[in-house]
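What follows is a single structure, written as structure tokens, with notes after it.
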Amino acid sequence: MQTLFRTMIVYIKGTLLPASGVIRCEPLGGGLNLLPQWTEKADKRGLDPLGMQNSGVLLYQSLLPGISNVTLRMRYYGYYCWVSEIYARRGATSDFEAWRNWVRRAEALYALVSARAGETGVGGVDWANRRLAAEERVIDFAAAASTDPSQERYLRQSLGVFGGAYYTQMAEMGLFTENRHGIQVATRDLGRRAAGLFADAIGADLAKLLRQKIADARVNIRDLDRLEPITPSQILPEGEERRFYEVLLFARTDAPGEGAASRAATLSLILDTARAIEEWPGPEDVRWHLFDPPQDPLPHRLEAQRLRWEAYQCQDLMQVASAALLAWAIAIINADGQGQTLSDIRNEVVAHLAGHDEGVFARSWHDLRQSIDPPTFPYQGQWDDLTGARIAPAEKAVPAITLMAALHQRLRTRPDLAEAAARGLPRRGTARSLRTELDWLESRETDGVVDRIADYMIECVVRRHSWVAMQKLRRQRDYTFLFEQRDGRHFFLAGYQPVATTPRLAPAIQFLADIHLLDEDGLTALGLDALDTSR
């Protein structure tokens, strides 16, 4: 019976139902009704709908190890090491619950102190702001730091921001490890060094007060104000703590590992971007600054890393272009409430492209890509159009196709870039990437553009989305279908807007600002020294 209930797709009275939910059986006329009764369905629309984003994610993870999209402030790294050391000195046991309770109290207090000081990027500040607005004489945060779901908790995650975001990245940097009881502990060398420097930076009296307030889980406003020097922005520019973070981030050791060296190179390239634009570098500034070879050659190590970032940006451009074609396919399906067959979709694609006024597609794919000059192609303008919401899906088709052709020609004319893409992106297997798409387009590139793109829409967009969504349903029990198929026809479920991946650049930039290498004017004097050292 359990086998029956785990069947992924079931028909009831001729209707295809998505098997993402909980099935229950109910009594029927004194017997048992074995028909599935759907009680809930977990909808997760459009998460990597073509299976292409993950290739870019894996690449950018290798470009910035030790920092993630949810590690928002540098000083957490030192604070958590100190929290671990203090826990150990207080007579720590092997009871994981006791460790979790200590971590959650430390985080809740950090949120209260940071909210009082107006800091950002700290987990739990929304809860902290509500508690501060209540103007309590003494804030008792024991219940909020518990794991009791009946309480208003500062965060729901079992091990807080530490377990949900920071631990894996600190372990990557050598600050944390796990002991034989499964409790995360600061490492004997780097972790304890970070803990000691954090304690030295805030002073013995403040460290004592901080330790006591974590243990008590009670704090008043006066003590929150006294504890302000522990907040993320209070790293002293000339302090040893700051210098330690810089050495850690930039892997200034005798023999840094591959991941540490990659992180250091990327951070140096961010500083180089700030130097070039002479202002605070946003993630988009970094993306596009690294997209083209610089006029002044970079040192070999940095140029190799820049090439990897260029390959990543090409990958993200390709997945955005493919996603724009998916959005168009969905719009075609949605145009008819009776559903659309694959032939209907293909015919609409052919009609739309063949009727294009400029006649740009009245040639082969080979001729189209060769007509494009990669250095002068408006990649950023096309990117903005495809990721923006002001243009209808059908109107994004031409920009998406020409962008794909430009990327194809860029890699064909740049052996150095093609090699970087080959090292960082998959070409075979179930994973899809820039390389798999270009291989597909090149396999019959003497075909006319209209026919080639029409085939791409059917094979690499419509059918692929159905396959990807089915794999997520089978393996993760997530329902991510944007359209569904019944009796040979495709029916609309939800629209889709192309989105870029988020390559950890925003937190990396903030880390550099936290240690005073960047400010609103761009590169600081300390940042210039760090960049010169990296070169």
Side-chain angles (χ1 to χ4, degrees), residues 48 50-69 168-169 172-173 251 256-270 272-273 283-284 286-294 297-323 374 377 379-380 383 403-404 406-442 460 464 468 498-508 534:
D48 196 6
L50 293 175
M52 288 187 63
Q53 291 181 2
N54 194 51
S55 295
V57 170
L58 292 174
L59 180 51
Y60 77 60
Q61 286 176 345
S62 71
L63 295 171
L64 262 173
I67 301 173
S68 79
N69 285 318
T168 56
Q169 303 307 318
E172 170 70 34
M173 286 197 181
E258 182 178 347
S262 181
R263 177 182 65 250
T266 291
L267 295 175
S268 297
L269 290 172
I270 293 174
D272 185 70
T273 302
E284 292 292 297
V286 177
R287 279 179 180 260
W288 293 111
H289 179 71
L290 302 182
F291 186 60
D292 290 312
L298 293 167
H300 175 75
R301 177 178 61 88
L302 295 187
E303 174 58 19
Q305 189 76 347
R306 189 208 63 78
L307 268 172
R308 297 179 70 199
W309 274 103
E310 184 181 355
Y312 160 76
Q313 183 71 347
C314 288
Q315 157 68 25
D316 222 27
L317 285 162
M318 176 59 80
Q319 75 87 10
V320 162
S322 297
F377 185 83
Y379 296 95
Q380 191 167 1
W383 166 277
L403 176 57
M404 293 166 71
L407 291 169
H408 194 173
Q409 185 68 0
R410 188 182 184 101
L411 264 73
R412 286 296 300 268
T413 57
R414 288 275 309 283
D416 57 340
L417 177 59
E419 183 181 352
R423 290 197 305 267
L425 296 168
R427 190 174 202 166
R428 295 181 177 84
T430 58
R432 302 296 171 180
S433 72
L434 168 73
R435 298 178 71 206
T436 63
E437 305 313 283
L438 295 186
D439 282 352
W440 193 95
L441 291 167
E442 191 164 331
C460 301
R464 183 184 296 168
V468 168
V499 293
T501 57
T502 310
R504 301 181 172 184
L505 289 171
S534 298

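Just so it is clear, the structure is predicted and the values come from calculations on it, not from any experiment.
- Nearest approach of Gly66 to Met173, heavy atoms of both residues: O-CE, 3.4 Å.
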Check: Are Leu425 and Thr436 close enough, and set up right, to give a side-chain contact (heavy atoms from CB on, under 4.5 Å), and what steps lead you there?
Finding: CA-CA 9 Å; Leu425 296 168; Thr436 63; over 6 Å; no

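- The distance from the OG1 atom of Thr273 to the CG atom of Leu290 is 4.5 Å, given to the nearest 0.5 Å.
- The ring pair (Phe, Tyr, Trp, His ring centres under 6.0 Å) pairs that include a residue from residues 413-440 are Trp440-Tyr456, where partners are two or more places apart or lie in different chains.
- Every residue was checked against the salt bridge (charged side-chain N to carboxylate O under 4.0 Å, His left out) condition with Arg301, not counting sequence neighbours, and none meets it.
- Not counting sequence neighbours, the partners of Gln313 by the side-chain hydrogen bond (donor to acceptor under 3.5 Å, both in side chains) test are Arg287.
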Next item on the list: Apply side-chain contact (heavy atoms from CB on, under 4.5 Å) to the pair Glu172 and Ile67, showing each step before the final yes or no.
Entry: CA-CA 9 Å; Glu172 170 70 34; Ile67 301 173; over 6 Å; no

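- In this structure, CG on Leu59 lies 10.5 Å from CZ on Arg423, to the nearest 0.5 angstrom.
- Residues Leu403 and Trp383 have side chains not in contact (no heavy-atom distance under 4.5 Å, counting atoms from C-beta outward).
- Residue Pro426 comes nearest to Ala431 through the heavy atom pair CG-CB, 3.8 Å, listed as atom of the first residue, atom of the second, then distance.
- Checking side-chain atoms of Asp316 against main-chain N and O of Ala500 turns up no donor-acceptor pair under 3.5 Å.
- Atoms CG and CG, on Leu317 and Leu434 in that order, are 9.0 Å from each other to the nearest 0.5 Å.
- In plain terms, the two heavy atoms of Cys314 and Leu407 that are nearest each other are O-CD1, 3.8 Å.
- Within the 4.5 Å cutoff, the side chain of Leu269 has heavy atoms near those of the Leu302 side chain.
- Applying the side-chain contact (heavy atoms from CB on, under 4.5 Å) test to Asp439 and every residue at least two apart in sequence or in another chain returns Arg427.
- Take Pro374 and apply the side-chain contact (heavy atoms from CB on, under 4.5 Å) test, not counting sequence neighbours, and it matches Tyr379, Gln409, Arg410, Thr413.
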Margin query: Please evaluate residues Leu438 and Met318 with respect to the criterion side-chain contact (heavy atoms from CB on, under 4.5 Å), reporting the C-alpha separation (whole Å), side-chain torsions for both, the decisive distance (0.1 Å), and the verdict.
Written below: CA-CA 9 Å; Leu438 295 186; Met318 176 59 80; 3.4 Å; yes

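- Side-chain atoms of Thr266 do not come within 3.5 Å of backbone N or O of Arg263 as any donor-acceptor pair.
- Side-chain atoms of Ser322 never come within 3.5 Å of backbone atoms of Gln319 as a donor-acceptor pair (strictly under, hydrogens ignored).
- Judged by distance alone, the side chain of Asp416 and the main-chain N or O of Leu307 form no donor-acceptor pair under 3.5 Å.
- Applying the side-chain contact (heavy atoms from CB on, under 4.5 Å) rule to Val57 yields the partners Asn54, Tyr60, Gln61, Thr501; only residues at least two apart in sequence or on another chain are considered.
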Note to self: Using side-chain contact (heavy atoms from CB on, under 4.5 Å), reason through Asp48 and Val468 one step at a time and then give a plain yes or no.
What the structure shows: CA-CA 9 Å; Asp48 196 6; Val468 168; over 6 Å; no

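- Residue Asn69 comes nearest to Pro503 through the heavy atom pair OD1-C, 4.2 Å, listed as atom of the first residue, atom of the second, then distance.
- For Ser534 and Ser268, the side-chain atoms include at least one donor-acceptor pair closer than 3.5 Å.
- When all heavy atoms of Asp272 and Leu298 are compared, the pair lying nearest together is OD2-CD2, 4.2 Å.
- For Ser68, the side-chain contact (heavy atoms from CB on, under 4.5 Å) partners two or more places apart in sequence, or in a different chain, are Val70, Thr71, Gln169, Arg504.
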Margin query: Before you tell me yes or no, could you show the steps for Ser55 and Arg435 under side chain to side chain donor-acceptor pair (under 3.5 Å), namely the whole-Å CA-CA distance, both residues' side-chain angles and the distance that decides it to 0.1 Å?
Written below: CA-CA 10 Å; Ser55 295; Arg435 298 178 71 206; over 6 Å; no

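- A 4.5 Å side-chain heavy-atom check between Leu50 and Arg432 finds every atom pair outside the cut-off.
- At least one donor-acceptor pair under 3.5 Å links the side chain of Gln305 to the backbone N or O of Ser262.
- For Arg306, the side-chain hydrogen bond (donor to acceptor under 3.5 Å, both in side chains) partners two or more places apart in sequence, or in a different chain, are Glu303, Glu310.
- Tyr312 and Thr502 get closest at one heavy-atom pair: OH-N, 4.4 Å.
- For the side-chain hydrogen bond (donor to acceptor under 3.5 Å, both in side chains) test, residues two or more places apart in sequence or in another chain that qualify with Arg412 are Glu442.
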